Amino acid sequence: MSHVRVRFAPSPTGTLHVGGARTALFNWLYARNQQGIFILRIEDTDQERSTVESHAQILRSLRWLGLDWDEGPEMGGAFGPYVQSERRAIYAQYAQRLLDEGLGYHCYCAPDELAQRRAEAMAQGRPPGYDRRCRTLTDEQRRRFEAEGRAPVLRARMPDEGVTKWTDLVHGETEFQNTVLDDWVALKSDGFPTYNFGAVVDDGLMEISHVLRGDDHISNTPRQIVLFKAFGFRAPKFGHLPMILGPDRQRLSKRHGAASAEEFRDAGFLPQALVNYLALLGWSPGDNREVFTTEQLIKAFSLKRLNNTAAVFDLEKAKHINAEHMKLLPTSAKVELAWPILLARGLAHEGDEAARIRLGRVIEIMGNRFSNLGDIPTHLACYFTEDYSVDPQGASVLDEAARERVHMLAAAYQKLPVFTAKIAEGVLRELATNLQVDAGDLIHPARYALSGRTVGPSLFAAMEVLGQKTVVARLRRPKVS
RNA sequence: GUCCCCAUCGUCUAGCCAGGCCUAGGACACCACCCUUUCAAGGUGGGUACACGGGUUCGAAUCCCGUUGGGGACACCA
């Protein structure tokens, strides 16, 4: 029985970001690899920014990626509740302990006062942290602040000397001088815990064994360790994962294009492909494998193979991994995925069996030409409707002379009593010979006339699917736009 | 400004911990060729990297120090 208990603890203030998805994935992979427990905890202590929509969206994104949790929202568990706003009584209890044991104190400094003092400190080259002014308040001063109507925050008292260290799972020995740890806010004036406080209480109570999170949390870690010790919790092991950056080496964000799991889904990515690509950002199997099913990832995953260098998100590589996963899919699976897309685009209707069978044939002859589900409507529309789009870039293949040849082909096809791929090919080649042109001079224009594309399946297979009538009609009057 | 993290092809990375097997391997992208009725796929080949400077050592991509560069944190945000 494994003692691994890991968690993903997003705050519901936006979509599930690529960085968050990667963090969730690594925790999940570790839990599954170790037969441990993966916990989802929602950190909604910021009343201003947390939304129920975001909460729902994050859950949806995790499910889409296939990252299922063993304890958490909509699931429950022995360590709940798993939503921080429902745990306020617990935080109040631990806040009281801080007060009782002299590990915390009320602070009445107003935000604007703090901001000003911080700016001054930075200007003078001093550490910008809290100046500990309220550490030594007299009862008299306290009463005066209360009378002014100031609502206090609770600050956690950090040690004045010594060092706090831990062995980071990815960085190794890491230490901070305690003097750089300022007395941070544990409980806000609205009574909600801050991130650092809520995380310590919850990780302690939920018996979290390993915390895998982004590098941007390194400086929070010593502050949290001090509290873990103060409360007598066994501190989890910490691992700080390298950041994911945009092509400009800045933190990845919406400016860089798709940055949330949902956007990748909408762009036609397969969830298992995104998972695969994300796993390769900050982790490697050590051999030269790159294409993994999620099951294979679980088997291969190891904390030892985490790396510590920030990684630039490469959309091209992500697309490539997606294409590899598309190749792995049997036709039947592609049909399952493509069918709803066709329905959504109005290219077919629920219960239209003929269309569904046709879809299977088209996908079959398309072979590996799909690298993305998003390609489906543009590439397949011409098999289901006359209202398909034409690629203007390819129009040059259908010039005046080509148009004439295509018309002759239409005439030849019209007379055919039976129309199959083989027969269509024979007729076309014979015509090419008679016209003394290369078969390609007939094939390329014909493809464009039939599909509006220069890219597509074998022409004759496509003709067979389209059927004689449609082929003849389109060859006679090719769409121009 | 203070503290922290990082540094191998354009990008993701292997190699680093236990120095020699590295004239540095793989992948994406790019280029060329092959296959082919097109594109894609596939095949073959190609160019491109150990940031810099010192040390330690018989020997350093690998260990140490410094420099430079990049990133992060410094909120009653998480």
Side-chain angles (χ1 to χ4, degrees), chain A residues 9-11 13 43-46 48-50 107 109-111 114-115 118 121-130 151-155 168 170-172 174-177 179-182 184-196 198-199 213-222 240 242-243 245 247 249-251 277 280-291 304-305 307-321 323 327 366-371 394 397 425 428-429 432 438-444 446-448 453-460:
Chain A
S11 64
T13 55
E43 308 212 327
D44 60 343
T45 58
D46 185 339
E48 302 273 293
R49 299 194 301 156
S50 297
C107 166
C109 297
L114 291 168
R118 193 179 307 124
M122 278 169 97
Q124 290 169 27
R126 286 183 288 121
Y130 180 61
V153 299
L154 174 69
R155 284 189 185 272
D168 196 274
V170 350
H171 297 290
T174 308
E175 62 172 59
F176 280 76
Q177 294 295 323
T179 48
V180 307
L181 271 29
D182 65 344
W184 47 277
V185 174
L187 229 46
K188 306 184 234 179
S189 56
D190 65 3
F192 277 87
T194 58
Y195 166 70
N196 277 320
R213 61 182 12 164
D215 257 351
D216 50 339
H217 285 295
I218 288 185
S219 59
N220 286 321
T221 303
H240 292 92
M243 301 273 87
L245 312 175
R249 301 217 129 256
Q250 296 297 116
R251 224 187 162 121
Y277 178 67
L280 264 16
L281 254 30
W283 173 85
S284 78
D287 49 36
N288 286 331
R289 286 180 299 164
E290 289 199 315
V291 180
K304 288 201 181 69
R305 299 215 51 91
N307 78 17
N308 58 3
T309 318
V312 173
F313 189 96
D314 183 357
L315 186 60
E316 288 308 315
K317 180 102 179 206
K319 284 180 181 167
H320 167 78
I321 296 288
K327 284 186 209 164
M366 281 296 285
N368 286 335
R369 288 175 183 82
F370 288 129
S371 59
V397 300
E425 178 167 7
L428 182 143
R429 288 189 188 282
D438 286 341
D441 292 334
L442 219 34
I443 286 165
H444 302 308
R447 168 174 292 104
Y448 190 74
R453 318 257 125 212
T454 54
V455 178
S458 164
L459 179 66
F460 308 109

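Quantities reported herein were computed from a predicted structural model and do not represent experimental measurements. Letters A, B, ... are given to chains in the order of the sequence lines, protein chains preceding strands, and every chain is numbered from 1.
A/Gly367 comes within 4.0 angstrom of nothing in the nucleic acid, heavy atoms only. Residue contacts for A/Leu281: at a heavy-atom cut-off of 4.0 Å it reaches the sugar-phosphate backbone alone, with no base atom in range. Residue-level contact check: A/Asn368 touches the backbone only, with heavy atoms under 4.0 Å from sugar-phosphate atoms and none from bases. A/His240 comes within 4.0 angstrom of nothing in the nucleic acid, heavy atoms only. Within the nucleic acid shown, A/Arg369 comes within 4.0 Å of at least one base atom, counting heavy atoms only. As judged by a 4.0 angstrom heavy-atom cut-off over every strand, A/Lys319 is placed among residues making no nucleic acid contact. Using a 4.0 Å heavy-atom criterion, one finds that A/Arg453 contacts no nucleic acid atom at all. Residue-level contact check: A/Arg251 touches the backbone only, with heavy atoms under 4.0 Å from sugar-phosphate atoms and none from bases. Residue A/Glu43 is classed as a sugar-phosphate contact, given heavy-atom separations below 4.0 Å to backbone atoms only. Counting any heavy atom pair closer than 4.0 Å across all strands shown, A/Asn307 reaches sugar-phosphate atoms only and no base atom. In this structure, A/Val185 reaches the sugar-phosphate backbone alone: every heavy-atom distance under 4.0 Å involves primed, P, OP1 or OP2 atoms, never a base. When heavy atoms are screened at a 4.0 angstrom cut-off, A/Leu114 is found touching the sugar-phosphate backbone but no base atom. Counting any heavy atom pair closer than 4.0 Å across all strands shown, A/Thr13 reaches no nucleic acid atom. When heavy atoms are screened at a 4.0 angstrom cut-off, A/Ser11 is found touching the sugar-phosphate backbone but no base atom.
Taking 4.5 Å as the limit, every side-chain heavy atom of A/Asp46 sits out of range of all side-chain heavy atoms of A/Phe192. Counting heavy atoms from C-beta outward, A/Leu154 and A/Val185 have side chains that stay 4.5 Å or more apart.
Under the rule for a salt bridge (Lys or Arg N to Asp or Glu O under 4.0 Å), the partners of A/Glu316 that lie at least two apart in sequence or sit in another chain are A/Lys319.
Inspection of the A/Thr221 and A/Arg213 side chains reveals an N or O donor paired with an N or O acceptor under 3.5 Å. With hydrogens and angles left out, the side-chain atoms of A/His240 and A/Thr174 include no donor and acceptor closer than 3.5 Å.
First and last contacting nucleotides of RNA chain B toward chain A (any atom under 4.0 angstrom from a heavy atom, 5' to 3' order): B/rG1 to B/rA78.
Across the C1' atoms, B/rG72 and B/rC77 are found 15 Å apart, a figure rounded to whole Å. When the C1' atom is used for both B/rG15 and B/rU2, the distance is 36 Å, rounded to whole Å. With both ends at atom C1', the span from B/rG42 to B/rC63 equals 45 Å, rounded to whole Å. Here the separation of B/rA7 from B/rU67, taken at their C1' atoms, is 13 Å to the nearest Å. B/rA14 and B/rC9: their C1' atoms are spaced 13 Å apart (whole Å). Straight-line distance between the P atoms of B/rA51 and B/rC12: roughly 14 Å, to the nearest whole Å. Rounded to the nearest Å, the gap between the P atom of B/rA24 and that of B/rA41 is 29 Å. Remark: the separation of the P atoms in B/rG70 and B/rU11 is 14 Å, to the nearest Å.
Between A/Asp287 and A/Arg289, at least one side-chain nitrogen of the basic residue sits less than 4.0 Å from a carboxylate oxygen of the acidic one, meeting the salt-bridge criterion. Taking 4.0 Å as the cut-off between side-chain N and carboxylate O, A/Asp216 and A/Arg251 count as a salt-bridged pair.
For the pair A/Arg453 and A/Tyr448, the NZ or CZ position fails the cation-pi test of under 6.0 Å to the six-membered ring centre and within 45 degrees of the ring normal.
For A/Glu175, the CD atom sits in a packed shell: over 12 heavy atoms of surrounding residues, nucleotides or ligands are nearer than 6.0 Å.
In this entry B/rU2 has B/rA73 as its Watson-Crick or G-U wobble partner, both defining distances falling under 3.5 Å. Across all strands shown, B/rC33 forms a Watson-Crick or G-U wobble pair with B/rG43, both key distances being under 3.5 Å.
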